[in-house]
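Take a look at the structure below.
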Amino acid sequence: MAVTGDETEAGTSGDLTACQLQNTSSSLPQGGAETSTQGFMKSTDPLQKREHRLMKNREAARECRRKKKEYVKCLENRVAVLENQNKTLIEELRSLKDIYRHKVE
DNA sequence: TAACAGTGCCGTCACTCAAT
DNA sequence: ATTGAGTGACGGCACTGTTA
């Protein structure tokens, strides 16, 4: 199953904001990228335009799927962490109840 | 062992959204 | 209005496990 050894103890401090599918804007040079091919929709012949568009979309799809997989993995890790926390809290509640019962008896 | 179902990855199309 | 990036949906292909 998933949730292998890597990303160990992802929830030590409960970083629940870790799983963000979008907003990787920081590293991606949105505006200035691809200066060599900028405006390819305008100039080149239709066949080349199409080839270039397909290539870009191919790469975009790959990246999109990669991010999505990463996101899902991250969510699975969160689930595992929260399940553990839940288990611990239930156990704690049980023992506290136990202590209380013994006191009132 | 052939036939089939399930799964994962890929390429493409169609669409949306933000930037220009 | 145009352009480019991102993404959901779809179909195809390859691989794997299961069953008769």
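For the numbers below, each heavy atom of this structure counts, side chains included, while hydrogens, waters and symmetry mates do not. A note on names: the letters A, B, ... follow the listed sequences, proteins ahead of strands, and every chain is numbered from 1.
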I'd like to check A/Asp98 versus A/Arg101 (side-chain heavy atoms, cut-off strictly below 4.5 Å). Are they in contact?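 Yes; the side chains approach each other to less than 4.5 Å.
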
Of all residues at least two apart in sequence or in a different chain, which pass the side chain to side chain donor-acceptor pair (under 3.5 Å) check with A/Asn86?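 With neighbours one apart ignored, the set is empty.
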
Rounded to the nearest 0.5 Å, what separation is found between the [atom1] atom of [X] and the [atom2] atom of [Y]?
X	Y	atom1	atom2	value
A/Glu59	A/Lys56	CD	NZ	6.0 Å
A/Ser95	A/Ile90	OG	CD1	12.0 Å
A/Leu82	A/Leu75	CG	CG	10.5 Å

In 5'-to-3' order, the base (B), backbone-only (S) or no-contact (-) status of each nucleotide in nucleotides 8-13 of chain B, using a 4.0 angstrom heavy-atom cut-off, is -SBBBB

With respect to the phosphate group of C/dG6, does any side-chain polar atom (N or O) of A/Lys56 fall under 4.0 Å of OP1 or OP2?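 Negative; the distance criterion is not met.
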
Got a sec, which residues hit salt bridge (Lys or Arg N to Asp or Glu O under 4.0 Å) with A/Glu70, two or more places apart in sequence or on another chain?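 So A/Glu70 forms a salt bridge (Lys or Arg N to Asp or Glu O under 4.0 Å) with A/Arg66.
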
A/Tyr100: which other cluster members, linking ILVMFWY side chains closer than 4.5 Å, directly or transitively?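 Cluster partners of A/Tyr100: A/Val104.
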
Using whole Å, report how far OH of A/Tyr71 lies from P of C/dG6.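 Taking OH of A/Tyr71 and P of C/dG6, I get 18 Å after rounding.
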
If you look only at pairs with a residue in residues 79-96 of chain A, which of them pass as a salt bridge (Lys or Arg N to Asp or Glu O under 4.0 Å), with sequence neighbours excluded?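 Every salt bridge (Lys or Arg N to Asp or Glu O under 4.0 Å) pair that includes a residue of residues 79-96 of chain A, provided the two are not neighbours, is A/Glu91-A/Arg94.
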
I'd like a list of close polar pairs between nucleotides 11-16 of chain C and the protein, N/O only, cut-off under 3.5 Å.
none

